[in-house]
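All remarks here apply to the structure that follows.
In what follows, chains carry the letters A, B, and so on, assigned in the order in which the sequence lines appear, proteins first and then strands, with residues in each chain numbered from 1.
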Amino acid sequence: MTESPAAPRNFIHEAVESDLQAGTFGGQVVTRFPPEPNGYLHIGHAKAICLDFGTATKYGGRCHMRFDDTNPTAEEQEFVDSILADVRWLGFDWGEHLYYASDYFQQMHDYAVELIKQGKAYVCDLTPEQFKDYRGVPTRPGRESPNRNRPVEENLRLFEEMRQGQHPDGSLVLRAKIDMASPNLHMRDPTMYRIKHAHHHRTGDTWCIYPMYDWAHGLEDSIEGVTHSLCTLEFEVHRPLYDWFLEQLGVWHPKQIEFARLNLSYTIMSKRKLQQLVEEGLVQGWDDPRMPTLAGLRRRGVPAEAIRKFCEEVGITKYESLTDVALLEHHVRGVLNRIAPRRMAVLRPLKLVLENIPEGEEHLCEAVNNPEDPAAGTRPVRFGREIYMEHDDFMEEPAKKFFRLAPGKSVRLRYAGFATCTEVIKDPATGEVLELHGHWDPPDAGLKVKGTIHWVPAAHAVEAEVRLYDRLFAKENPADESDGTRFTDHINPESLKVIRAVVEPALADVAPGDSFQFERTGYFCVDPDARPGTPVFNRTATLKDTWAKVAGRG
RNA sequence: UGCCCGAUGGUGUAAUGGUAGCACAACAGGUUCUGGCCCUGUUUGUCUAGGUUCGAAUCCUAGUCGGGCAACCA
């Protein structure tokens with residue numbers, strides 16, 4: 001593992017340490033990451049993954065990768081595959097500990113029979129409407145089902161009939177007999193099994209009854225010898241039930257500990273909402289680079305290491321918070337700054353003709369590949385009479401503190417000496433600046449200039465498609481619809497701008513997934529859509545732009 | 001309104017009865033062939049009211065505010 005050394009301690013680690021000290025679980029630490037294979041993983045899951053695997057690693061234990069596949073109508077093999085790939089990409093290794101809840105279906109069934117025999121579970125034929133009615137509401141106790149005192153033998157017979165497929169979907173359920181007056185709704189005789197004549201992606205048609213989460217999850221943990229079952233806050237009210245089942249059965253009893261899920265500003269994390277974005281075509285798929293899915297972040301060019309560092313830094317608490325997406329961006333830049341090779345790319349080209357360089361004459365410049373990493377070496381870049389520069393690096397009437405090119409002014413050309421602007425060629429009709437002419441001075445001319453700009457040699461410029469991504473939502477907390485608006489109302493119309501840029505020849509031959517820093521512009525990652533000769537780059541993040549702030553202030 | 005959980009700068013967190021610290025963000029400056037990186041500095045915080053204590057962010061009580069819970073979902 002490439003985890004940074006001192007992962008900060010949190011209240012869960014304290015609990016683990018105290019269990020270790022007390023010998024509660026025989027000195028072991030076993031955690032698990034238990035996704036349901038019904039969607040793609042997102043950065044919120046990454047927090048859980050880092051916690052589950054990180055805690056196990058920290059205390060010399062192990063973490064199980066387990067699919068909680070107890071609902072065949074929602075789950076698919078496609079999601080199993082993507083989840084596995086995403087966890088691996090994030091940098092975690094479950095070794096041989098890959099499990100499926102569906103592998104325990106027989107064992108869970110047998111435990112259910114045992115509970116029936118103990119008189120602690122019964123088959124109930126209440127309709128969903130009646131069920132709801134009998135359960136009551138939080139402020140008032142429920143009523144007992146008329147089936148509650150069905151004899152054990154009859155319960156066994158009916159449950160067996162359920163298993164054999166003799167009853168239609170929804171006609172019967174198996175319920176735990178706990179307490180219809182409990183202030184905790186989940187303790188009011190919760191459902192353990194429902195009938196679903198559905199094809200399961202792993203067990204096929206072997207089963208037509210499927211266990212409910214509360215019944216299944218604790219058993220999965222117990223069967224695998226999990227010690228610390230870490231989950232999000234909304235399961236807190238389920239804990240008494242988790243404990244109740246394992247106590248009745250007298251089996252291995254892990255400790256469930258809850259923590260707050262991750263919320264990111266300008267982002268939505270709900271699986272349902274993400275699905276809606278995909279289905280309504282508001283994004284281009286689960287791996288759209290604007291999506292907070294791991295697949296999307298990967299395609300965007302966000303390094304796994306940045307996600308791990310981010311997850312480590314947001315910490316683990318029981319307080320529901322909204323983390324600033326700027327913190328993620330900070331780690332993205334931090335990692336990429338260290339490893340991304342530098343290249344020159346001009347996003348909005350403006351031609352600059354250096355009149356004192358003869359046509360056809362070329363100079364070779366030596367460009368540094370990564371100032372943060374001397375081992376990355378240098379590369380040659382050809383330089384000649386005509387170059388492309390960034391349109392934004394020219395101002396006909398320069399603002400105060402504008403250190404770039406303007407009529408009569410000079411700038412340094414990165415690695416290639418100096419340019420002084422002598423003439424501005426404009427479209428007479430629109431006034432638009434079309435081309436610049438100027439004078440060139442070699443690097444040793446020693447002109448006193450404050451600015452350096454990047455450029456691409458016109459004779460060797462390579463055209464590229466560049467996708468400029470920005471945050472998907474313009475509202476800090478788009479998931480909050482309490483103001484009467486819907487999250488889709490706040491989609492940032494500028495979240496994607498596709499442009500044609502010119503890049504230096506060294507960027508002509510790149511592979512999908514390669515990351516670069518386009519000097520002075522941002523970090524970019526090669527998209528799988530790239531074809532030989534026409535690279536496609538996704539903007540991962542901009543560079544910090546002090547000038548934009550100064551200019552923005554007016 | 002029944003039960004459960006929580007509350008520390010703008011944001012995320014640390015301090016486990018003894019100097020409220022770190023990171024991000026913001027701001028100011030230094031450095032610089034990237035207005036990047038790096039470096040220095042500044043601003044801003046313990047929800048309220050009582051209580052325990054020599055001493056409370058921390059313990060107790062009450063309140064306020066926020067979140068969660070009424071799928072045959074997980």
_How would you summarise protein contacts on nucleotides 23-32 of chain B per nucleotide, using B for base, S for sugar-phosphate only and - for none, with heavy-atom distances below 4.0 Å?_
SSSSSS----

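- Among residues two or more places apart in sequence or in another chain, the side-chain hydrogen bond (donor to acceptor under 3.5 Å, both in side chains) test is passed with A/Asp179 by none.
- Listed by first residue number, the stems of RNA chain B with at least three Watson-Crick or G-U pairs below 3.5 Å are B:2-7 with B:64-69, B:10-13 with B:21-24, B:26-30 with B:38-42, B:47-51 with B:59-63.
- Around atom CD of A/Glu397, no more than 12 heavy atoms belonging to other residues, nucleotides or ligands sit under 6.0 Å away.
- In terms of the salt bridge (Lys or Arg N to Asp or Glu O under 4.0 Å) criterion, residue partners of A/Arg414 (sequence neighbours excluded) are, by chain and number, A/Glu519.
- Taking 4.0 Å as the cut-off between side-chain N and carboxylate O, A/Arg520 and A/Asp545 do not count as a salt-bridged pair.
- Under the side-chain contact (heavy atoms from CB on, under 4.5 Å) criterion, A/Pro349 pairs with A/Val346, A/Tyr388, A/Val502, sequence neighbours left out.
- Taking A/Phe403 as the reference, A/Lys401, A/Lys450 meet the side-chain contact (heavy atoms from CB on, under 4.5 Å) condition, with sequence neighbours excluded.
- Legend: residues meeting salt bridge (Lys or Arg N to Asp or Glu O under 4.0 Å) with A/Asp103, ordered by chain and number and at least two apart, are A/Arg202.
- For the contact set between residues 365-379 of chain A and RNA chain B, defined by any heavy atom under 4.0 Å, the members are A/Pro371, A/Glu372.
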*Which letter, B, S or -, goes with each nucleotide of nucleotides 64-74 of chain B from 5' to 3', with contact meaning a protein heavy atom under 4.0 Å?*
----BSBSBSB

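- Taking the side-chain contact (heavy atoms from CB on, under 4.5 Å) definition, one finds that A/Arg261 meets it with A/Thr232, A/Glu234, A/Asn263, A/Glu320, sequence neighbours left out.
- Among the atoms of the strands shown, only primed sugar atoms or phosphate atoms (P, OP1, OP2) are found under 4.0 Å from some heavy atom of A/Thr546.
- Every residue two or more places apart in sequence or in another chain that forms a side-chain contact (heavy atoms from CB on, under 4.5 Å) with A/Val237 is listed here: A/Asn184, A/His186.
- The backbone N or O of A/Phe235 lies less than 3.5 Å from a partner atom in the side chain of A/Gln256, making a donor-acceptor pair.
- Applying the salt bridge (Lys or Arg N to Asp or Glu O under 4.0 Å) test to A/Arg342 and every residue at least two apart in sequence or in another chain returns nothing.
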